Amino acid sequence: MGYRARLAAQGAAIGLVALLFILLAWSLLHRDGGSLAAAANRGERPTAPDFTLDRIDRDGKLTLSSLRGKVVVVNYWASYCYPCRAEAPFLEDVWRRDRGRDVVVLGVDWQDFRGDARRFMRRYDVSFPVVHDGPGDVGFDYGITGLPETYVIDRQGKVVEAFIGAINTDEDRARLRSAIADAHTT
Amino acid sequence: MSVRGFVVLAVVLATAVPAVAIADGPPNAADLESELVCPTCKTTLDQSDSPVAQRMKAFVRARIAAGDSEQQIKDALVDQFGEGVLARPPRGGFGALAWAFPLAALGVGAVAVAFLVRAWSRRRVVEADEARLDSRLERLVDEELARFDA
């Protein structure tokens with residue numbers, strides 16, 4: 001093999017390794033959603049990743065950015081998640097009390113069977129909109145590390161506060177109401 | 001038909017009949033669990049005990065009991081969780097790339113190896129020719145020296 005051909009082969013090999021390294025770095029950066037919750041709770045107000053998902057509560061799709069101008073409480077849950085059962089009535093209460101004040105509670109059923117999710121919704125009287133994230137990609141974009149997780153998003157689409165785990169204490173509930181009030185003012 | 005032909009036919013039929021019977025039988029839960037991936041932990045279902053994996057295993061067993069085929073069960077799970085639940089990518093569409101790329105890489109590798117082997121063998125022939133030439137020259141030099149000494 002000539003000198004130039006060998007040089008070209010070495011260059012191609014180095015280029016391929018560099019490309020794989022860039023892909024790995026990109027993947028790690030875009031999956032590190034745990035940093036989204038951390039940034040929100042540091043008061044940095046990161047932009048909420050947009051998504052369009054199929055609805056479970058009715059036909060059609062729902063795009064997060066179509067709710068711009070409203071405060072959105074995005075709640076990740078699944079029918080097999082026990083703590084989700086405990087917080088569902090509180091989220092339903094928030095939805096019923098605040099929906100007239102431009103607050104939307106949006107459930108994201110994560111890596112779950114649609115049929116199981118519908119049964120859960122009937123059993124726990126969930127009437128707020130729910131979308132289905134079967135593959136879990138949207139949840140990965142948010143960097144969820146478990147279920148449930150809840151993100152309060154302001155009128156401009158920025159994450160005001162993130163709740164890791166169930167909102168099932170008086171302190172958590174007060175924090176959520178405070179975050180919703182805070183999101184209204186921006 | 002000769003005796004030899006009859007024996008060959010009998011052997012072929014004896015091995016083919018059980019294969020057809022297996023293909024037409026109900027899917028095996030353990031086999032399916034090794035071909036499906038848990039979306040949370042990204043390992044096959046037989047390796048995972050996450051809540052969603054347990055639910056998927058229950059679904060697989062329920063669908064087998066209901067008489068669904070392997071393909072029907074896989075299609076139902078892809079509909080719920082996306083193509084990422086298949087441990088082996090589908091052979092059609094974008095998934096075909098996953099099958100085609102290694103084959104293409106293998107082909108390119110084979111061509112590269114053939115090219116290198118050919119280049120090396122040519123170099124050896126040239127070196128052997130050069131060596132042969134050197135021995136001829138040596139002989140000529142020896143002859144000249146011998147004539148000179150004489």
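Since the model is a prediction, treat every value here as computed from it, not as a measurement. Chain letters run A, B, ... following the sequence lines, proteins first and then strands; every chain starts at 1.
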Using a cut-off of 6.0 Å, state whether more than 12 heavy atoms not belonging to [X] lie near its atom [atom1].
X: A/D59; atom1: CG; answer: no
X: A/R177; atom1: CZ; answer: yes
X: A/E171; atom1: CD; answer: no

Are B/L45 and B/V85 joined in one hydrophobic group, where the rule is that I, L, V, M, F, W and Y side chains link up if heavy atoms are under 4.5 Å apart?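 Yes, one cluster joins them.
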Quick check on the hydrophobic clustering: are B/V37 and A/F140 connected, directly or via other members, by side-chain heavy-atom contacts under 4.5 Å? no
Taking the side chain from B/Q80 and the backbone from A/R114, do they hold a donor-acceptor pair closer than 3.5 Å?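 Looks like yes, one N/O pair under 3.5 Å.
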How close do B/F81 and A/D112 get, counting heavy atoms only, and between which atoms?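 Nearest heavy atoms, B/F81 then A/D112: CE2-N, 3.4 Å.
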Locate the shortest heavy-atom distance separating B/P39 from A/P135; write the atom from each residue and the value.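 Nearest heavy atoms, B/P39 then A/P135: CB-O, 4.4 Å.
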Once rounded to the nearest 0.5 Å, what's the spacing between atom CZ of B/R55 and atom CD of A/Q111?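 Answer rounded to 0.5 Å: 14.5 Å.
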Tell me, with the steps shown, if A/F113 and B/L77 meet side-chain contact (heavy atoms from CB on, under 4.5 Å). CA-CA 9 Å; A/F113 285 91; B/L77 287 169; 3.7 Å; yes
